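Here's the structure we're looking at; comments come further down.
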Amino acid sequence: MDRPSSQPALQTIAVVGLGTMGTGIAEVLVRAGREVIGIDISETAARRASDSLAAATARSVAKDRLTEQERSDVLARFRTYSDLAAAADADLVIEVVPENYELKQQVFRELDAVVRPDAILATGTNALSVTRMAAESQRPERVLGLHFFNPAPAMKLVEVVSCVLTAPPAVEAVTELARELGKEPVSVGDRPGFVADGLLFGYLNQAAAMYESKYASREDIDAAMRLGCGLPMGPLALLDLIGVDTARTVLEAMYASSGDRLHAPAPILGQLAEAGLTGQKAGRGFYTYEAPGSSAVVRDAQTPADGARLGEGRPVTSVGVAGSGTMASGIAQVFAQAGFQVVLAARSQEKADAAKAAIGKSLGRAVAKGRLTEDGAAQTLALITPAGSLDAFAEVDLAVEAVAEDLAVKQELFAALDKVCKPGAVLATTTSSLPVIAVARVTSRPQDVIGMHFFNPAPAMKLVEVVRTVLTADDVHATVREVCTKVRKHPVDCGDRAGFIVNALLFPYLNNAIKMVEQHYAGIDQIDAAMKLGGGYPMGPFELLDVVGLDVSLAIEKVLHKEFRDPGLAPSPLLEHLVAAGCLGRKTGRGFREYARR
């Protein structure tokens, strides 16, 4: 019998597997007016799913988002069963059982014998082959992937995964369903991780390897990516939320497909998984939690001591900033707003005066937005003395270099600072990709040299990567940490190697996004949407590449590839071609996208 035209094509939907994801998907469906058949062999899981839906809808009533009658209607549309036979009348079945191929295969085999010939079978896998599941089904043209993101009620992205066997009408039907659920469907092909997880898990894996190598603490890695990239969570906290065992499974599948060493699971993921330390669900993973299932982190043996001192730092009352560009001006503003006397030195007095004028405009914008008083802006500007020569740094306690990202230029400047600055002055470089030791060694006092990597725009960005070399003195390190706190920045410690924390994790992710486009797997709009909606990124990778500058990105990727010698870090040929063509992003009007000329 035909359905009334007003009734959605996919009205009765079975959800197989009532864990966190299955329960979330069921909630999204029943709230959108669908009849949902929840199936799980565990009565406890089924009861927990019903309780979760009852609690979620009760909260909605309390917030006046649902009436009591609407809540009753929602709850009435959700029924739970322990047998797959309950899916017999479903228009669509979504399986979200654990990421185990044999288990999913068994579920699909049993569903083949139960569901109607016109029913669509969807797998919620994010790592396993949809093609393989379809090929082993009696109805391959009706099998596809429907990948929701956790938590399903909140996350907008749904990846609709088709393979060579999938019939277009099935894809169209679930795509329309996703839109009706208020989601943003992105159509992708069948490969491990699809788009969002394909990019996300490589990044998470590298963060785990960085932590395992003791290059930086878990707190500093997570803080660096939150504050340096605007991400909602740090990578190690996110691994704990996803599940360390789940991440390892996804990476194994990705590595089997790509052969890329960047996808080979970091050994620590296997060690934690084998020990049962799978993250929040176990109460312990990279962090320790109040209880299994809790998101509240508690102290453990690795937690830094409160107020731990690094030793006595050197006194700093005056700061010299070398450079006249955006970064130098921003850093000078940061120090002056914190009450430091600042000397801003450029290659000429004219350039120094222009840099101070730029700071004046920046402070004016802050006043206009109500973030600063006019008196505060005037006092800040009065603390900045522009100078046309580094000779003005003779009495500064801290000299911060923010000139071009060119090793020869920086070395020449540090040789000059060595001659000009008084004994005991701390010399800092803001390099984002060059070895700090290479500039330290041109001075007669490498123990006084340290990396102090601010992020652009410096007045707004809270992160500073503090980069010690093997020669940096302890009191120099302590000095810079103290200064960061005084200027209201969050310092993270890392060693002197390419990319430090943020760029070492960010740019391989951007490079992998370009490779997806190169391989014609997905378009730039799809990838940007997937990472913003599925990963909570403030910008998609191609938006970010065009803002940073493709030439800057290529230079950093070359440095990473040269230092770590991993084939997976080799810059994408597409990026090299765009740079060679002068398509550098927003600054030239064309990068991965075209921009209106100003």
Side-chain angles (χ1 to χ4, degrees), residues 7-8 10-100 103-104 106-107 110-111 114-115 119-125 146-155 158 174 177-178 180-183 241-243 246 280-283 290-295:
Q7 185 171 312
L10 302 176
Q11 174 62 21
T12 302
I13 300 172
V15 178
V16 181
L18 295 175
T20 302
M21 182 58 81
T23 299
I25 293 170
E27 179 183 337
V28 171
L29 291 166
V30 291
R31 284 180 181 263
R34 280 11 186 227
E35 298 289 332
V36 177
I37 300 161
I39 303 173
D40 200 297
I41 56 173
S42 165
E43 289 185 10
T44 301
R47 185 167 55 253
R48 193 181 299 124
S50 295
D51 291 346
S52 175
L53 180 60
T57 51
R59 288 192 295 272
S60 293
V61 170
K63 295 175 181 177
D64 293 326
R65 293 175 182 167
L66 281 180
T67 65
E68 280 290 357
Q69 183 57 54
E70 287 169 337
R71 178 177 184 251
S72 296
D73 293 343
V74 166
L75 295 176
R77 288 195 291 270
F78 183 58
R79 303 179 303 282
T80 62
Y81 302 88
S82 59
D83 194 323
L84 286 173
D89 293 325
D91 303 313
L92 166 68
V93 182
I94 305 172
E95 73 72 19
V96 273
V97 301
E99 284 291 271
N100 175 283
L103 178 58
K104 290 181 184 290
Q106 180 185 340
V107 168
E110 291 184 28
L111 286 171
V114 169
V115 299
I120 297 172
L121 302 182
T123 172
T125 185
L146 198 54
H147 181 213
F148 287 79
F149 287 74
N150 196 27
M155 300 297 279
V158 174
V174 297
L177 170 67
E180 290 169 2
L181 297 177
K183 303 299 183 185
L241 176 63
I242 292 167
T246 301
Q280 287 188 15
K281 60 189 174 186
E290 275 185 353
S294 170
S295 61

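Quantities reported herein were computed from a predicted structural model and do not represent experimental measurements.
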*Which atom names give the shortest non-hydrogen contact between Ala45 and Ser42, and what distance separates them?*
N-OG, 3.0 Å

*Do Leu75 and Leu53 have side chains that get closer than 4.5 Å, going by heavy atoms?*
yes

*Please report the shortest heavy-atom distance between Gly22 and Val96, naming the atom on each side.*
CA-CG2, 3.5 Å

*Minimum side-chain heavy-atom gap Leu29-Arg77 below 4.5 Å*: no

*First locate atom CZ of Arg71, then atom CZ of Arg59, and finally report the distance between them rounded to the nearest 0.5 Å.*
10.5 Å

_Ile13 side chain near Leu177 side chain, heavy-atom distance below 4.5 Å_ = yes

*List for me each residue that meets side-chain hydrogen bond (donor to acceptor under 3.5 Å, both in side chains) alongside Lys281, sequence neighbours excluded, and say none if there are none.*
Asp245

*What heavy-atom pair brings Met21 and Asn150 nearest, and what distance separates the two atoms?*
CE-N, 3.5 Å

*Could you pull out the closest heavy-atom pair between Ala152 and Gly24, with the gap in Å?*
CB-C, 3.6 Å

*Answer yes or no: is there a side-chain heavy-atom contact under 4.5 Å between Lys183 and Met155?*
no

*asked:* Which heavy atom of Ser60 sits nearest to which heavy atom of Arg31, and what is that distance?
replied: OG-NH2, 3.0 Å

_Note, Phe78 side chain near Thr57 side chain (heavy atom, < 4.5 Å)_ = no

*Out of curiosity, Thr125 OG1 to Glu95 CD, how far, rounded to the nearest 0.5 Å?*
7.0 Å

*Spacing of Ile41 atom CD1 and Ile39 atom CD1 [to the nearest 0.5 Å]*: 12.0 Å

*Should Leu18 and Arg48 count as side-chain neighbours, where that means a heavy-atom distance under 4.5 Å?*
no

*Measure the shortest side-chain to side-chain distance between Arg34 and Leu92 over non-hydrogen atoms and say whether it is less than 4.5 angstrom.*
no

*Does the side-chain contact (heavy atoms from CB on, under 4.5 Å) test come out yes or no for Thr80 and Asp40, once each step is laid out?*
CA-CA 8 Å; Thr80 62; Asp40 200 297; over 6 Å; no

*Of all the heavy-atom pairs spanning Leu84 and Glu110, show the shortest one and how long it is.*
CD1-OE1, 3.2 Å

*Heavy-atom side-chain contact between Arg79 and Glu35 under 4.5 Å*: yes

